[in-house]
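What you see below is based on every heavy atom in this structure, not just the backbone, and it leaves out hydrogens, waters and symmetry mates. Note on naming: letters A, B, ... go to the chains in the order of the sequence lines (proteins, then strands), and numbering restarts at 1 for each one.
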Amino acid sequence: MMPDLGKYADAVLSSYAVSIVLILALVAFSVMRARKVRAQLDEVERRSRKNG
Amino acid sequence: MELNVTGLSVARGGIPVLEGLDFTLPSGQALILRGPNGVGKTTVLRTIAGLQPPLEGHVGLEPEAMAYAGHADGIKSTLTVRENLTFWADIFGTSGIANALDAFDLAALADRMAGALSAGQKRRLGLARMVVTGRPVWVLDEPTVSLDASAVGLFAQAVRNHLTGGGMALMATHIDLGLDEARVLDVAPYRAKAPAHDDFDGSFL
Amino acid sequence: MELNVTGLSVARGGIPVLEGLDFTLPSGQALILRGPNGVGKTTVLRTIAGLQPPLEGHVGLEPEAMAYAGHADGIKSTLTVRENLTFWADIFGTSGIANALDAFDLAALADRMAGALSAGQKRRLGLARMVVTGRPVWVLDEPTVSLDASAVGLFAQAVRNHLTGGGMALMATHIDLGLDEARVLDVAPYRAKAPAHDDFDGSFL
Amino acid sequence: MRALLIRDIRLAVRAGGGFGLGLAFFLIVVVLVPFGVGPDSGLLARIAPGILWLGALLSCLLSLDRIFALDWEDGSLDLLATAPLPMEALVSVKALAHWLTTGVPLVLASPLFALLLSLPPEGYLPLLVSLALGTPALSVIGTFGAALTVGLKRGGLLLSLLVLPLYVPTLIFGAEVARRGAEGLETAVPLAMLAGITFGAIALLPFASAAVLRVNLR
Amino acid sequence: MRALLIRDIRLAVRAGGGFGLGLAFFLIVVVLVPFGVGPDSGLLARIAPGILWLGALLSCLLSLDRIFALDWEDGSLDLLATAPLPMEALVSVKALAHWLTTGVPLVLASPLFALLLSLPPEGYLPLLVSLALGTPALSVIGTFGAALTVGLKRGGLLLSLLVLPLYVPTLIFGAEVARRGAEGLETAVPLAMLAGITFGAIALLPFASAAVLRVNLR
Amino acid sequence: MASIWEYANPKKFIQTTDRLLPWLSVLSAITLVIGLIWGFFFTPDDFRQGSTVKIIYLHVPSALMAINAWLMMLVASLIWIVRRHHVSALAARAAAPVGAVMTVIALATGAIWGQPMWGTWWAWDPRLTSFLILFLFYLGYMALWAAIENDDTAADLTSVLCLVGSVFALLSRYAVNFWNQGLHQGASLSLDKEKNVADVFYHPLLFCIAGFVLLFVALVFLRTQTEIRARRMRALLARERLG
Ligand code: HEM
Ligand SMILES: Nc1ncnc2c1ncn2[C@@H]1O[C@H](COP(=O)(O)OP(=O)(O)OP(=O)(O)O)[C@@H](O)[C@H]1O
Ligand SMILES: Nc1ncnc2c1ncn2[C@@H]1O[C@H](COP(=O)(O)OP(=O)(O)OP(=O)(O)O)[C@@H](O)[C@H]1O
Ligand SMILES: [Mg+2]
Ligand SMILES: [Mg+2]
């Protein structure tokens with residue numbers, strides 16, 4: 001199944017690895033920050049609704 | 001000519017501090033803003049002087065009519081007193097710093113580096129700048145800080161001369177300025193209330 | 001423990017400004033220096049606090065016993081009020097900033113960036129630093145500048161607590177500090193006379 | 001405006017000789033390079049034009065934060081903003097003052113430093129011309145950067161981070177002129193480009209700087 | 001002392017990311033060099049070690065004035081002077097904070113930048129070692145310079161002027177190590193010298209800095 | 001159909017994007033997977049470049065997105081300057097890191113590609129160089145956002161920087177071209193001349209490009225939401241101080 005990449009295997013594989021890692025990292029970071037901020041905002045909203 | 005402030009609301013660091021301020025200051029009169037620390041006097045003065053935009057309401061006169069002197073009074077410590085004043089005189093296109101010098105009797109210090117002045121002497125220099133601007137409206141934030149009794153007297157005298165010349169003076173202070181004829185406005189009642197909770201519009205409340 | 005100042009002469013920028021100052025400040029008492037602008041109060045205070053050497057005479061106590069607060073009060077605008085105070089508490093090895101905070105009721109502002117304080121609030125923070133130093137002698141230059149009436153009250157109260165704790169306070173001011181029990185010393189009489197012209201004793205004066 | 005110019009220059013000179021320092025920094029950078037890359041004079045001669053341009057650029061960069069920061073800290077900038085002179089004039093004068101106190105000395109001194117890096121003789125004129133033509137752009141662009149970072153405490157580093165990419169075209173064409181000149185090649189094209197950049201910057205950037213400054217002052 | 005260290009680092013980070021900026025400046029200097037001297041990678045490879053060392057040195061230099069100037073302006077320094085910690089400790093902590101916020105990132109990032117200047121592979125290790133060994137010296141020496149110029153408004157340029165000559169030995173040996181390494185030569189001797197300089201500076205300079213600072217504060 | 005400026009209202013924007021986001025993310029994931037798997041497993045080697053052509057499926061899309069992200073920021077900045085819609089300013093802010101990462105990917109894959117093809121990790125080829133410069137612009141832009149605490153000020157300053165920066169980025173592009181004639185391929189996706197990439201490589205490449213575009217849009221939506229919420233939170237906290 002794995003295609004034969006010949007003598008350039010490491011080049012191709014490493015570039016795929018690097019790119020995919022970077023993309024996943026970016027996505028993960030964005031999602032996590034989104035979650036965090038959302039939670040914080042809800043918290044603050046509740047508080048500030050409670051007291052005026 | 002008079003200064004009409006109508007429905008003025010001011011904000012500092014994105015937070016409204018004072019709301020709905022109304023007053024008129026006819027020429028030849030002085031108005032003193034009072035209020036506890038942090039109520040927003042400095043903010044109001046900066047807004048009126050055109051150094052920051054008002055949140056609402058408007059100020060009758062253009063910034064071009066105002067001369068502002070705040071806590072930091074734009075003195076270059078590596079220039080002499082005379083050089084400092086002359087510079088501002090040139091910038092504002094007025095001529096002669098002589099009367100400014102003796103209005104705050106700085107004549108003796110005229111050739112001293114401004115950096116070599118005591119706190120009160122610096123302050124006097126900062127105030128002398130007002131005279132050379134030749135602007136009708138003086139906006140002064142705590143003008144007499146670290147001035148001694150006689151210097152406060154000089155200041156009061158300078159303001160009176162300015163008023164009799166048809167000028168206006170708007171000041172914020174916690175201590176006596178020696179200007180008993182001036183109207184006093186306590187800004188504490190105008191404290192901003194928290195805005196309505198749910199306007200999630202562009203300005204994010 | 002008491003502070004004995006004997007025959008103190010101080011110079012600023014190479015020029016003697018005050019001569020032959022003598023006074024003693026027993027523990028539990030406060031002394032207020034008064035005098036016209038530029039007479040040399042700040043210079044005296046800086047000398048006593050050990051920030052500059054005296055010209056003659058000497059100061060009874062080591063600089064290690066003093067805590068000095070001048071016009072610039074060492075506040076980092078990018079740190080919060082709490083961070084600022086905690087830092088100084090750590091440096092001076094005292095514990096807890098709680099009482100300092102409510103001595104100048106800064107509790108409400110504790111987590112505000114110091115850069116986002118009004119003039120008076122900054123000043124209060126600067127004074128709160130005195131409390132955390134835990135030093136016996138407070139040396140304060142114009143401490144109540146731009147403080148409102150109630151804040152001045154807080155200050156007076158804080159000083160009284162410090163005195164009853166056996167501390168001492170040495171202050172220079174032009175305005176009322178609300179400390180009527182404090183002794184007042186007018187330094188004007190000690191003005192340095194222009195030195196005789198014919199003494200070429202190496203000091204080039 | 002003349003008042004402002006004179007005062008700025010005076011301040012630059014008083015504050016420990018604004019003139020001298022930029023120069024000295026330039027000198028030192030030039031002196032350090034051989035220590036870094038080794039004494040081989042053939043090599044030095046090849047990199048001389050580039051290094052000289054870089055040195056000029058850096059020592060110009062180092063004085064950028066003076067342009068507004070001081071006036072900001074002591075409140076002069078607030079007062080100048082309300083003073084009767086348009087913001088565009090203000091920033092232009094500032095840029096001019098900066099060029100007079102930094103750029104001009106650099107240009108005048110460059111031949112001396114070229115000597116240290118054993119620049120071939122035919123390279124001197126192009127170097128001078130390119131610097132004389134390029135440094136105004138550096139000052140104007142730098143003023144824009146300074147206006148962007150005014151009020152940020154010790155914005156110095158951020159300032160250089162923002163400004164350096166903007167310096168790239170100027171540097172490329174300037175150094176190209178100098179290098180080609182040193183190799184005795186045709187320099188008309190890059191020279192034209194350099195002139196274009198400079199005059200373009202002088203003509204347009206002050207408006208951007210003024211706008212940015214207004215934002216920063218409110 | 002820990003309090004001071006933490007606070008300094010915190011300030012560096014708060015002030016618009018003290019860390020990142022030094023790096024960015026380094027990067028930009030490295031990027032600008034080819035624009036100056038031309039794209040020929042053979043030439044670049046030859047000057048790479050020197051340029052990298054120069055870049056590190058300059059971006060370290062640019063952040064020196066932060067060390068004391070801010071504390072001086074707002075009076076903290078006066079207060080620290082009367083505080084119960086010896087002046088020597090103070091300056092050492094300051095130097096350490098500066099190294100942690102500037103030197104360390106530079107060292108870690110240098111291989112990446114070496115790539116841009118096509119440094120030959122065998123040059124990487126020597127470069128890393130020499131920088132890791134040399135940057136502490138840069139910080140300590142820089143602290144001394146900062147102590148000398150404290151209180152001079154915008155002493156920045158003067159500071160670099162005083163410091164750069166002091167940097168020369170460090171630069172020479174550091175770059176020498178890197179260059180020899182890149183050419184596959186023996187590096188033991190310059191390395192030893194570099195180590196000597198660094199440890200000497202760390203051991204002795206703080207006393208000088210403290211003395212100078214005391215003078216400046218009264 | 002109401003005017004698109006409605007979406008400049010934060011609430012409306014969040015509602016809409018909340019509905020779109022799931023679909024977008026799924027779609028982009030699918031296209032990406034298809035494109036990459038197709039490209040990686042089911043394409044022949046290039047006669048000249050051997051198996052390294054497979055890198056093109058990451059390299060070109062990322063390169064394109066790196067440029068397009070900056071263009072999008074430019075447009076958003078213009079909108080902010082002209083119409084002062086906070087959302088567009090925040091969108092520009094949200095897009096910057098994504099664009100920066102894309103640039104890094106293009107640089108990294110390119111560098112890795114360069115090793116076998118040109119025998120060097122890095123050459124000062126015009127296109128490579130101008131990408132490096134683009135990266136610097138991203139850095140500066142983000143640093144400026146980070147350095148200013150007042151949001152509106154930051155928005156104004158960064159948008160002006162974006163405008164001026166774009167001009168100088170273009171200038172640098174020409175300067176660099178003039179400065180060094182490179183070894184890099186010319187653009188082959190341009191429509192004017194017939195393409196020089198065979199269909200076998202071309203079709204999966206299109207998928208990958210589509211995937212990257214979708215991914216970019218999804219990320220920008222998500223991050224813009226985050227920025228909006230963060231800003232509202234700051235506002236609320238400030239409001240509590242008025243109490
Ligand atoms: C760090 C190094 C590199 C960078 C920054 C870079 C950047 C770019 C850019 C900006 C594009 C334009 C995309 C487009 O407009 O279509 C591109 C396309 C391309 N690059 Fe690179 N590149 C690099 C190295 C390489 C290398 C080493 C190779 C292979 C020898 C390569 C092969 C290609 C190919 C085949 C294209 C597609 C050409 C086209 O259809 O436009 N690149 N690269
Ligand atoms: N940069 C800032 N960001 C946020 N809030 C600020 C900022 N600067 C000041 N404030 C707050 O705005 C309020 C008004 O400040 P202002 O300086 O106008 O008060 P003031 O009346 O001048 O006080 P003082 O009498 O002490 O000078 C204060 O509560 C202060 O805490
Ligand atoms: N750096 C300096 N060089 C020379 N003279 C100076 C310097 N700084 C202050 N002076 C002078 O020294 C004298 C004393 O200054 P000092 O600040 O001690 O006065 P002060 O009593 O504190 O005045 P104030 O009440 O205004 O604060 C003043 O006349 C001042 O002009
Ligand atoms: Mg105030
Ligand atoms: Mg004083």
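Between chain D and the residues F:Leu161, F:Val164, F:Leu171, F:Val167, the largest count of heavy-atom pairs under 4.5 Å involves F:Val164. Among D:Val163, D:Ile172, D:Leu164, the residue with the largest count of heavy-atom pairs under 4.5 Å with chain F is D:Ile172.
Heavy atoms only, all atoms of each residue included: F:Gly140 and D:Leu162 are closest at O-CD2, 3.4 Å.
Put simply, the side chain of D:Pro165 does not reach to within 4.5 Å of the side chain of F:Phe168, judged on heavy atoms.
Residue F:Leu157 touches chain D through both its backbone and its side chain, counting heavy-atom pairs closer than 4.5 Å. The contact between D:Leu166 and chain F is made by backbone and side chain atoms together, counting heavy-atom distances below 4.5 Å. Residue contact with chain F, scored on non-hydrogen atoms closer than 4.5 Å, involves the side chain of D:Val168 exclusively. Proximity to chain F (any heavy atom under 4.5 Å) is shown, for D:Leu171, by neither the backbone nor the side chain. Heavy atoms closer than 4.5 Å to chain F are found nowhere in D:Leu204, neither backbone nor side chain.
Applying the ring pair (Phe, Tyr, Trp, His ring centres under 6.0 Å) test to pairs two or more places apart or on separate chains, none has a residue in residues 187-216 of chain D.
The CG atom of F:Leu136 sits 7.5 Å away from atom CG of D:Leu161, with the distance rounded to the nearest 0.5 Å.
D:Phe35 is linked by a ring-ring contact (aromatic ring centres under 6.0 Å, His included) to nothing, counting only residues two or more places apart in sequence or in another chain.
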Any idea which donor-acceptor pairs are under 3.5 Å between chain F and chain D?
residue  : atom : partner  : partner atom : Å
F:Asp156 : OD2  : D:Arg218 : NH2          : 2.7

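Residues of residues 91-101 of chain F lying under 4.5 angstrom from chain D, judged on non-hydrogen atoms, do not exist.
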